[in-house]
Amino acid sequence: MDDVVALLSLGLIALASATLLPGGSEAALAGLWCEGVAPWALWLAATLGNTLGSLINVALGRGARRLRTRRWFPVSRRALARGTLWYRRIGAWSLLLSWAPVIGDPLTVLAGVFRLPWWKSVLLILVAKGGRYALLLVIADHWLTPWCT
């Protein structure tokens, strides 16, 4: 497979994995690792794709906040105001867990709901996702290499 197509595919899989859609970028990363694609390129494609996917979640959260005046909105104005204050003090750092399965996606949505500044969302998510993929590549280098044919 052409490396550019492979890296674009990895980026799209990582993007989908970071949204509320199901996906598994780890398997794609491992497969491309075994094919000999440059680790820095794998890291870059996966990190950028996964970060972009998380930023889509942030945007969805921002959009959901616009619905707060609707009668059926599940959170009261008071609770939303209290949550906003809490999130501004402590919640931003929770994005360093945006890489984590199960809790990572909701944390990125909350960043949007509570209007975390875009620059801070991008920075924290990029650090979290980049660190995750760097660790996965280190693990692949140590334990996956013998399994590649």
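Numbering of residues begins at 1 and proceeds along the displayed sequence.
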(message) Among Ile139, Val138, Leu144, which residue satisfies the side chain to side chain contact (heavy atoms under 4.5 Å, CB included) criterion with His142?
(response)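 With His142 as partner, side chain to side chain contact (heavy atoms under 4.5 Å, CB included) holds for just one option, Val138.
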
(request) Looking only at non-hydrogen atoms, find the nearest pair between Ser94 and Leu107 and report the distance. (result) O-CD1, 3.4 Å

For residues [X] and [Y], determine if any side-chain heavy atom of one lies less than 4.5 Å from a side-chain heavy atom of the other.
X      : Y      : answer
Val109 : Asp105 : no
Leu97  : Trp99  : yes
Thr108 : Leu60  : no
Trp40  : Leu137 : no
Pro106 : Leu110 : no

(message) Looking at Leu116, is its backbone amide N or carbonyl O close enough to the side chain of Arg62 to form a donor-acceptor pair, meaning the two atoms are under 3.5 Å apart?
(response)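 Yes.
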
Cut-off 3.5 Å, no hydrogens considered: what does the side-chain donor-acceptor table look like for residues 121-131, sequence neighbours left out?
unit_1	atom_1	unit_2	atom_2	d
Ser121	OG	Pro117	O	3.3
Lys129	NZ	Asn50	OD1	2.7
Lys129	NZ	Ser54	OG	3.1
Lys129	NZ	Ser98	O	3.1

Interatomic spacing from [atom1] in [X] to [atom2] in [Y] - rounded to 0.5 Å:
X      : Y      : atom1 : atom2 : result
Leu52  : Ile56  : CG    : CD1   : 5.0 Å
Thr47  : Leu136 : OG1   : CG    : 9.5 Å
Leu10  : Asp3   : CG    : CG    : 11.5 Å
Tyr133 : Leu44  : OH    : CG    : 12.5 Å

(request) Verify the neighbour count for atom CH2 of Trp33: are there more than 12 heavy atoms of other residues, nucleotides or ligands below 6.0 Å? (result) yes

Following the transitive rule for hydrophobic clusters with a side-chain heavy-atom cut-off under 4.5 Å over Ile, Leu, Val, Met, Phe, Trp and Tyr, establish whether [X] and [Y] coincide in one cluster.
X      : Y      : result
Leu7   : Trp43  : yes
Leu42  : Leu135 : no
Leu85  : Ile90  : no
Tyr87  : Val58  : yes
Trp143 : Leu29  : no

